[in-house]
Each structure stands twice: as C-alpha cells, then as structure tokens.
2 protein chains.
Amino acid sequence: MPTKKKPQVTATPERRRELLGTAAEVFAEQGYNATTVRKIADHAGMLAGSLYYHFDSKESMLEEILRTFLDELWDGYDTVLDAELGPRETLEALVTESFREIDRHRAAVAIYQKESRHLAVQERFAFLAESQRKFEKAWLSTLERGVAAEVFRDDLDIRLTYRFVRDTVWVAASWYRPGGQHSPEEIARQYLSMVLDGIAVRT
Amino acid sequence: MPTKKKPQVTATPERRRELLGTAAEVFAEQGYNATTVRKIADHAGMLAGSLYYHFDSKESMLEEILRTFLDELWDGYDTVLDAELGPRETLEALVTESFREIDRHRAAVAIYQKESRHLAVQERFAFLAESQRKFEKAWLSTLERGVAAEVFRDDLDIRLTYRFVRDTVWVAASWYRPGGQHSPEEIARQYLSMVLDGIAVRT
DNA sequence: CCTTCCCTAACAAGTGTTTGGTAGGTTAGC
DNA sequence: GCTAACCTACCAAACACTTGTTAGGGAAGG
C-alpha cells in the first residue's frame with residue numbers, strides 16, 4: 001500500500017494560512033536561514049514534525065508566502081496599469097498601492113526584501129526574478145512617459161530615478177507597523193510629496 | 001601547559017584584512033546565517049579549520065567587519081558635523097560621505113543593512129544600536145535646523161523624512177557596484193537633487 | 001629550534017525531515 | 001442508537017546530515 005496522501009494543498013486552507021502567517025512573521029523577524037523549523041512550530045504551539053503534515057518542506061512555506069504576496073501585489077498593480085492614467089497619476093497610484101500591500105503583507109515584504117536577491121538565482125524561485133523584471137518595466141515606462149510628457153525632470157538618470165523610487169517605497173516595510181499613527185494612504189501621500197517635490201523649500 | 005596563544009589581533013593585520021574582505025563579500029552575497037565557515041574558507045583558498053588560526057569565531061569576523069566599517073563611517077560623519085555647516089550643506093555633505101562609504105565598504109554596508117536589526121539586540125553587537133541612535137540624532141537635528149531656518153519644508157512629518165532620507169541613501173548599497181558608470185560623488189549629486197527638489201518638473 | 005600558517009580529522013550540537021503512532025471527532029452500516 | 005471504520009491534526013522519537021569549532025600535526029622559512 002502506498003503512503004497515504006497528505007493534504008498539502010487540498011485540505012482546509014484555514015489552518016494553512018494561519019500557519020503561514022506565523023511562519024512569515026518569524027521569517028521576517030529572524031531571517032529565513034536563521035529561523036529553524038522548531039521555532040516556527042513553537043510560535044504555532046506545536047512540534048516541528050507536525051508542520052510536515054501541512055507543508056512538505058521549510059522552503060515550500062517560504063515559496064508559498066512569497067507567491068501569495070506577489071500574486072496579490074500584481075493584482076493591484078495590473079489594475080493600476082490597465083487604467084492607463086497619466087504618468088504622474090500612475091506613479092501616485094503605484095506608490096499608494098505599494099503601501100497598501102506593505103500594510104497587508106508586511107512580513108512577506110520584509111522577507112522579500114531581505115532574501116529575494118539570493119533566492120532569485122534558484123530555479124524554484126525564478127518567479128521572483130520574473131516579477132522583478134515586470135516591476136522594472138512598469139516603473140521605467142511610467143517614468144519615461146513622464147519625462148516625455150514633461151511632468152518629470154529630464155536631467156536625471158532615469159535608471160537611478162527608478163531605483164530611487166522603488167527603494168524609497170519598499171524599504172518602508174522594514175520600519176512600518178500596521179496600526180501605527182499613519183495610515184498607508186497618509187504615508188503614501190507624504191512619500192509622494194517628497195519624491196515629487198523634494199524636501200527643500202521652493203524659492 | 002596552557003594552550004598556545006593565537007595571533008588573533010596581534011599578528012600581521014595584512015592577511016587578516018584580506019580574509020575579512022572575502023568573508024564580508026560572502027556574507028553580503030549570501031547572508032550571514034546562510035554563509036558557512038567552509039564557504040568562506042573556499043573563497044579564501046583554504047580549509048574551514050584554518051580560519052580559526054586568524055579568528056576565534058565566525059561571529060567575531062562579523063563583529064570586526066561591522067566595527068571597522070562603523071568606525072570609519074563615524075570618522076567621516078564627525079568631520080562633517082564638526083564643521084558646523086548650514087543645514088542644507090550638512091545634509092549634502094552627509095549624503096556624499098555616505099556614498100563614499102558605500103563605495104569603500106559596500107559589502108559591510110550590505111551586511112549592516114540586512115543583519116543589523118536582529119543583531120542589535122545581542123549584547124555583543126550593542127554598538128550597532130548605539131550607532132543607530134547617534135545616526136538618528138545627527139540626521140534629525142540637521143533636518144530640524146533646516147526646518148527652523150526655512151530651508152526645508154515644514155509640512156512634512158520630520159521622522160518620516162528622516163527615515164526617507166536615511167533609507168534612500170543606504171539601500172543604494174544593494175545595487176551599487178564600484179567601478180560602475182557613476183562615481184559615488186555623481187550618485188550623491190543626483191540623489192541629493194531628487195531628495196531636495198523632487199523628480200517632478202517645477203511649474 | 002621556533003614561529004607562522006595551514007591541513008587532517010574529528011567532535012558535539014543543531015538542522016530539516018521521516019516514520020509510526022494516537023486522541024478525538026465524523027461518517028457509515030446495521 | 002450503537003459500533004466500527006475512517007479522517008484530521010497532532011505527538012514522540014529518531015534519522016542523516018550540516019554546522020561551528022577544536023586538537024594535533026607538519027611544511028617552510030628564518
């Protein structure tokens with residue numbers, strides 16, 4: 001008789017998502033490699049081996065966390081991009097959407113930020129590299145449209161600008177805590193104000 | 001007879017710095033926890049155990065890398081701060097100095113960025129937390145002076161601005177490669193232009 | 001002969017993972 | 001309505017392997 005099939009994906013997704021949530025928080029706080037399966041189990045109130053009833057490896061937990069996050073992220077991004085707004089409005093919408101995602105998936109974003117660089121080379125995490133390319137394309141084309149339409153400055157290196165905007169947004173995940181004094185929309189507003197108009201007084 | 005004293009700090013610092021350099025690069029690329037002592041030894045062309053002739057633990061390598069970096073960083077920062085420039089000039093000098101440090105210690109900066117958060121709680125790495133406090137104080141007071149002198153906008157949350165400026169600068173270490181097409185000074189110039197004046201066309 | 005620098009070989013602790021078992025609830029048979 | 005079979009979700013204990021680290025030795029040069 002072959003081994004009994006484990007639930008893995010088919011079972012009630014409820015407990016699964018719960019466990020992925022605690023795993024994501026531990027990963028985000030301690031780093032993926034520094035996080036042992038036993039620590040995750042501790043936080044979940046169970047023993048290490050029991051996790052393997054729900055998932056078939058530590059790595060697959062990481063993959064599912066990142067996949068879920070990126071899927072939802074691109075749902076939001078594609079909605080914005082398909083709306084075909086002006087360049088400035090697109091940038092504003094993308095930034096705002098990003099902060100909403102940070103609000104919803106702060107742990108996943110933190111993990112993504114810390115680990116994506118050395119994960120992306122692995123075949124299993126190729127979707128990270130692909131996402132990064134889509135990301136770059138979306139932002140760069142928006143910036144280029146803006147320069148062409150003369151709403152963004154043309155005296156800046158556009159790739160430097162891209163990295164600047166991209167980083168300013170996502171690094172926020174490292175200090176942002178949901179339920180703080182600023183809502184995601186408020187943070188987005190202030191960030192956009194700084195990125196677009198600068199912090200210097202206009203003379 | 002007690003164990004023979006190992007060189008550790010007293011020996012010729014030449015080979016030591018060489019090894020710390022390669023260790024830093026591996027740490028930066030793979031992450032500290034994901035980096036095994038054997039990998040470092042590989043990159044250095046020796047065996048794992050041999051590293052312990054020069055250092056007494058993997059952690060002490062990390063500590064020395066970060067300490068060396070922060071010491072040099074604060075050398076530069078203190079020079080700037082002691083010059084008692086105006087707020088805008090101070091900010092410009094600090095940013096420029098930061099990019100020079102990224103140029104010189106890119107690996108250490110990358111490590112610092114990834115690991116400092118969960119390292120700082122350890123007693124051994126208390127100097128990280130202390131440095132972060134000094135850091136915050138220096139930047140915040142500069143920004144406050146600027147607001148008071150009406151060279152920086154007063155309609156922004158100053159702590160948000162602080163994190164914004166701080167992050168945009170240091171994240172650059174994750175993509176910066178020395179010997180690229182932009183010098184540290186040129187990158188600093190463009191970053192400052194964006195941070196101070198924004199990327200939108202002035203109307 | 002001593003020092004410097006590295007190698008060989010091993011150690012103990014911790015790692016992700018597997019296997020077999022089991023308490024407790026749900027369903028099916030009569 | 002009772003019992004037997006079953007499923008879900010976990011535990012207990014172990015596995016093979018990797019980890020950081022140590023002890024002893026040896027080659028090369030002064």
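Only a predicted model underlies this, so the values are computations on that prediction, with no experimental measurement involved. Letters A, B, ... mirror the listed sequences (proteins, then strands); counts begin at 1.
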A.B. asks: How many Å lie between CZ on A/Arg16 and C1' on D/dT8, as a whole number?
C.D. replies: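 That distance rounds to 15 Å.
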A.B. asks: If you compare every side-chain N and O of B/Tyr53 against the phosphate oxygens of C/dC5 (OP1, OP2), does one of them come in below 4.0 Å?
C.D. replies: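 Looking at the OP1 and OP2 atoms of C/dC5, one of them is under 4.0 Å from a side-chain N or O of B/Tyr53.
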A.B. asks: Please list all pairs meeting salt bridge (Lys or Arg N to Asp or Glu O under 4.0 Å) that have one or both residues in residues 157-171 of chain B, counting only residues at least two apart or in different chains.
C.D. replies: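 Residue pairs with at least one partner in residues 157-171 of chain B: B/Glu136-B/Arg159.
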A.B. asks: What residues, two or more places apart in sequence or in another chain, satisfy ring-ring contact (aromatic ring centres under 6.0 Å, His included) together with B/Tyr191?
C.D. replies: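 In terms of ring-ring contact (aromatic ring centres under 6.0 Å, His included), with neighbours along the sequence ignored, B/Tyr191 is linked to A/Phe164, B/Phe99.
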A.B. asks: Taking the basic N atoms (NZ, or NE/NH1/NH2) and the acidic carboxylate oxygens, is any pair closer than 4.0 Å for A/Glu64 and A/Arg67?
C.D. replies: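 Result for this pair is no, no salt bridge flagged.
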A.B. asks: For B/Trp175, give me all partners under ring-ring contact (aromatic ring centres under 6.0 Å, His included), at least two apart in sequence or on another chain.
C.D. replies: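 So B/Trp175 forms no ring-ring contact (aromatic ring centres under 6.0 Å, His included) with any residue.
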A.B. asks: Expected output is a numbered-order residue list: members of residues 22-35 of chain B with a heavy atom under 4.0 Å from any atom of DNA chain D. What is it?
C.D. replies: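 Per residue number, the list reads B/Thr35.
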A.B. asks: Would you say D/dT21 has OP1 or OP2 under 4.0 Å from some side-chain N or O of B/Tyr52?
C.D. replies: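 Checking D/dT21 against B/Tyr52, a side-chain N or O does come within under 4.0 Å of OP1 or OP2.
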A.B. asks: What residue pairs, at least two apart or across chains, pass salt bridge (Lys or Arg N to Asp or Glu O under 4.0 Å) with a residue in residues 177-189 of chain B?
C.D. replies: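 Those involving residues 177-189 of chain B are B/Arg100-B/Glu185, B/Glu186-B/Arg189.
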A.B. asks: Between P on C/dT18 and CG on A/Leu51, what's the gap in Å once rounded to a whole number?
C.D. replies: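 Distance check: A/Leu51 CG to C/dT18 P gives 13 Å.
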A.B. asks: What residues, two or more places apart in sequence or in another chain, satisfy salt bridge (charged side-chain N to carboxylate O under 4.0 Å, His left out) together with B/Arg38?
C.D. replies: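 Result, salt bridge (charged side-chain N to carboxylate O under 4.0 Å, His left out) vs B/Arg38: none returned.
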A.B. asks: Do the side-chain N or O atoms of A/His54 get closer than 4.0 angstrom to the phosphate oxygens (OP1, OP2) of D/dT8?
C.D. replies: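 The answer is no; no side-chain N or O of A/His54 sits under 4.0 Å from OP1 or OP2.
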A.B. asks: Considering only residues two or more places apart or on different chains, which pairs with a residue in residues 117-130 of chain A satisfy salt bridge (Lys or Arg N to Asp or Glu O under 4.0 Å)?
C.D. replies: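 Those involving residues 117-130 of chain A are A/Glu59-A/Arg124, A/Glu63-A/Arg124.
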A.B. asks: Quick one: list whatever passes salt bridge (charged side-chain N to carboxylate O under 4.0 Å, His left out) with B/Glu25, sequence neighbours left out.
C.D. replies: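 Result, salt bridge (charged side-chain N to carboxylate O under 4.0 Å, His left out) vs B/Glu25: none returned.
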A.B. asks: Just to be sure I understand the geometry, which residues of residues 36-50 of chain A put a non-hydrogen atom under 4.0 Å away from DNA chain D?
C.D. replies: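 Contacting residues: A/Arg38, A/Gly45, A/Met46, A/Leu47, A/Ser50.
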A.B. asks: I need the NZ-P distance between A/Lys58 and C/dG14, as an integer number of Å.
C.D. replies: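 Nearest whole value for this atom pair: 16 Å.
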A.B. asks: Give a yes/no answer on whether the side chain of A/Arg15 brings an N or O atom under 4.0 Å of OP1 or OP2 in D/dT8.
C.D. replies: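 Negative; the distance criterion is not met.
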